[in-house]
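Nothing here was measured: the structure is a model prediction, and the numbers come from that model. Remember, it's 1-based here, ligands and their atoms both numbered in the order they're listed. For reference, positions follow the sequence shown, starting with 1. Only heavy atoms go into these numbers, but all of them, side chains included; no hydrogens, no water, no symmetry mates.
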Amino acid sequence: MASSSFLAQLIEAVGPRNVLTDAADTAAFVTDWRNRFTGLAEAVVLPTTSPQAAAVVLACRRNGVAIVPQGGNTGLCGGATPGQVGRSIVLSTRRMNRIRDVDPQNDTITVEAGCTLQAVQHAARDAGRLFPLSLAAEGSCTIGGNLATNAGGTQVLRYGNARDLTLGLEVVLADGQVWDGLRGLRKDNSGYDLKQIFIGSEGTLGLITAATLKLFALPRARATALAQVESIDAAIALLARMRAAAGSTLTAFELMSRESLQPVAPLLGLQRLPVEIAAPWTVLLEVSDHEDESHAQAVLEAGLDPEAGAPIVDAVVAASLAQSEHLWRLREAIPEAQARAGGNVKHDISLPLRGVADFVRQTGEHLQRRFEWVQPLVFGHLGDGNLHYNVGCRAGVPAQTAFEHEQELNQIVYEAVAARGGSISAEHGLGQLKRQAAAHYKSAVELELMRSLKQALDPDGRMNPGKLL
Ligand SMILES: Cc1cc2nc3c(=O)[nH]c(=O)nc-3n(C[C@H](O)[C@H](O)[C@H](O)COP(=O)(O)OP(=O)(O)OC[C@H]3O[C@@H](n4cnc5c(N)ncnc54)[C@H](O)[C@@H]3O)c2cc1C
């Protein structure tokens with residue numbers, strides 16, 4: 001229960017309509033997207049400006065209350081969900097959603113943290129430019145959340161992840177000061193690159209309130225294809241072939257196992273998938289072309305020509321934008337289809353490409369030997385060496401069975417990742433879900449450096465406690 005004086009300070013900072021305390025109003029903010037974590041918050045506070053956000057941070061500091069930053073609450077590791085003990089508020093950035101500036105000449109856009117990713121994409125497009133970060137949660141997730149988790153998505157192959165797209169940040173520090181680092185510079189070697197400390201810090205070092213982001217030329221045309229392959233080795237050979245053929249115009253290369261595609265049809269209200277999936281693996285490829293549609297199609301078709309050596313079983317190239325969107329929908333619906341099917345134990349891992357096929361084969365065999373009910377559901381951004389290696393149950397086995405063995409499943413997967421020099425969190429961060437596992441797999445030196453940063457920037461541990469570290 002919040003003290004009346006603390007609540008009064010919050011209300012003074014943001015106004016009464018922006019401080020929520022009724023359980024019915026706060027419920028959606030204290031549970032995560034996957035319904036795996038629920039926490040306690042004395043209030044949900046929704047500032048509309050950076051000075052208001054700073055005033056909230058100061059009020060929390062004065063009253064010894066922790067701050068859990070939250071954007072769209074689409075994170076998959078419980079990072080935006082408060083814990084069960086101690087005093088905390090959720091600071092939601094949803095009302096800090098202004099596009100502050102679009103500068104087509106400098107190819108930059110400056111936006112507030114609570115802008116949805118989609119709103120930023122649209123603002124860029126309205127100015128005739130491209131903001132390339134793209135992921136299935138883009139209608140709900142926010143730029144602040146994207147930066148705090150260093151989000152990846154489907155265009156990393158060509159444009160990099162959120163970190164690579166950021167030129168400047170504005171941050172409210174744990175002591176309530178505002179750091180204005182909103183520089184739209186592509187070159188700045190005037191000391192430590194402070195923005196990098198906050199990107200990927202999952203709200204544990206400060207509250208990102210705005211960002212200056214890179215824009216790019218809008219491609220003139222896009223060509224999309226779905227190719228089926230017999231093995232991951234074949235998919236990797238196809239990736240090399242497409243890179244040689246398309247160079248930097250290859251903007252997506254997504255891998256999906258047959259099992260991960262199956263539950264998508266019912267989710268989309270279809271009797272069956274629009275393409276018959278005959279092979280064990282399917283790749284969704286996209287070429288973004290700066291010439292025209294026919295050039296894009298020609299590049300894609302040449303790369304996918306089996307007679308010219310493409311290692312594929314079958315392929316369809318979308319003939320229209322609508323068809324292309326249909327193919328993308330198949331890929332983007334996979335996480336939701338898995339959630340509808342009861343969920344599974346998720347692993348968001350990355351590996352050097354040469355280790356991917358061996359990892360999938362050997363880990364699958366290991367899991368199968370240990371649990372006869374196990375069903376790996378593998379998909380992800382193969383072009384980046386990033387797989388969502390989710391472990392669910394075969395048909396007829398309750399989904400809960402996988403969660404009952406979560407620890408052992410994690411251990412089998414993570415050991416196999418670590419043995420191949422990979423990362424146990426490629427995209428989603430650590431949150432409260434993976435912080436202990438990360439502590440196990442990181443070196444003592446790395447952990448010490450991370451703790452030093454935390455101590456320097458948030459000595460009282462008020463920013464998102466119980467997450468990441
Ligand atoms: C269907 C689906 C598909 C997804 N696909 C991808 C994908 O392809 N690639 C990918 O990387 N992720 C993906 N995600 C995960 C998620 O969408 C991303 O992590 C996203 O970047 C989170 O943004 P958010 O605004 O929802 O952040 P939240 O969930 O609100 O917060 C995430 C973390 O960031 C912190 N945070 C939020 N805002 C701020 C801020 N302003 N300042 C400081 N810290 C802050 C929170 O405290 C928390 O630790 C997916 C999620 C879903 C549900």
Handout entry: Minimum side-chain heavy-atom gap K467-R435 below 4.5 Å
Key =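 Contact flag for K467/R435 side chains = no.
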
Problem - Non-hydrogen side-chain atoms of V360 and W281 separated by less than 4.5 Å - result: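 The answer is yes, as the side chains (C-beta and beyond) meet within the 4.5 Å cut-off.
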
Side chain or backbone of [X] under 4.0 Å from ligand 1, or both, or neither, by non-hydrogen atoms?
X: H381; result: side chain
X: C141; result: both
X: N464; result: side chain
X: K467; result: neither
X: I208; result: both

Handout entry: Nitrogen or oxygen of E202 less than 3.5 angstrom from that of ligand 1
Key =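 Such a contact does occur with ligand 1.
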
Practice task
Say whether L135, considering both its backbone and side-chain N or O atoms, lies within less than 3.5 Å of an N or O atom on ligand 1.
Solution key: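 No, there is no polar N/O contact under 3.5 Å.
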
Write out the residue and atom name of the closest protein heavy atom to [atom], then the distance separating them to 0.1 Å.
atom: atom 27 (O) of ligand 1; result: G145 CA, 3.4 Å
atom: atom 28 (P) of ligand 1; result: N73 N, 3.6 Å
atom: atom 2 (C) of ligand 1; result: A137 CB, 3.9 Å
atom: atom 15 (C) of ligand 1; result: T74 O, 3.8 Å
atom: atom 46 (C) of ligand 1; result: P69 O, 3.1 Å
atom: atom 7 (C) of ligand 1; result: E427 OE1, 3.4 Å
atom: atom 19 (O) of ligand 1; result: T149 OG1, 3.3 Å
atom: atom 20 (C) of ligand 1; result: N146 ND2, 3.5 Å

Practice task
Name the orientation class of the two ring planes belonging to H388 and H381 (parallel below 30°, tilted from 30 to 60°, perpendicular beyond 60°).
Solution key: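 Plane angle over 60°, so perpendicular.
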
Closer than 4.0 Å to some heavy atom of [X] - which atoms of ligand 1 meet that?
X: G203; answer: 43 (C), 44 (N)
X: W33; answer: 53 (C)
X: A136; answer: 3 (C)
X: A151; answer: 11 (O), 21 (O)

Is any side-chain N of the basic residue among [X] and [Y] closer than 4.0 Å to the acidic one's carboxylate O?
X: R36; Y: D32; answer: no
X: D107; Y: R129; answer: yes
X: R183; Y: D188; answer: yes
X: E170; Y: R100; answer: yes
X: R340; Y: E336; answer: yes

Name the option, out of [options], that contains the heavy atom nearest to [atom].
atom: atom 50 (C) of ligand 1; options: L76, I334, D32; result: L76
atom: atom 8 (O) of ligand 1; options: G153, P82, A148, G114; result: G153
atom: atom 43 (C) of ligand 1; options: A162, A426, G431, G206; result: G206
atom: atom 31 (O) of ligand 1; options: S425, C115, A80; result: A80

Handout entry: Lys NZ or Arg CZ of R62 over F6 ring: under 6.0 Å, within 45°
Key =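 No, R62 does not lie over the aromatic ring of F6.
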
Practice task
Indicate, with yes or no, if the rings of F359 and Y389 have centres closer together than 6.0 Å.
Solution key: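 Between Y389 and F359, which both carry aromatic rings, the centre distance is below 6.0 Å.
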
Practice task
State, without any angle test, whether N97 and E112 hold a side-chain donor-acceptor pair at a distance under 3.5 Å.
Solution key: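 Note: N97 and E112 side chains miss the donor-acceptor criterion.
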
Practice task
Decide whether H347 and N410 meet the rule of one side-chain donor and one side-chain acceptor closer than 3.5 Å.
Solution key: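 There is such a pair between these side chains.
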
Exercise for the section: Indicate yes or no for a side-chain donor-acceptor contact from D180 to the backbone of L182 under 3.5 Å, with no hydrogens or angles considered. Expected result: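 The answer is yes, because a donor-acceptor pair under 3.5 Å joins these two groups.
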
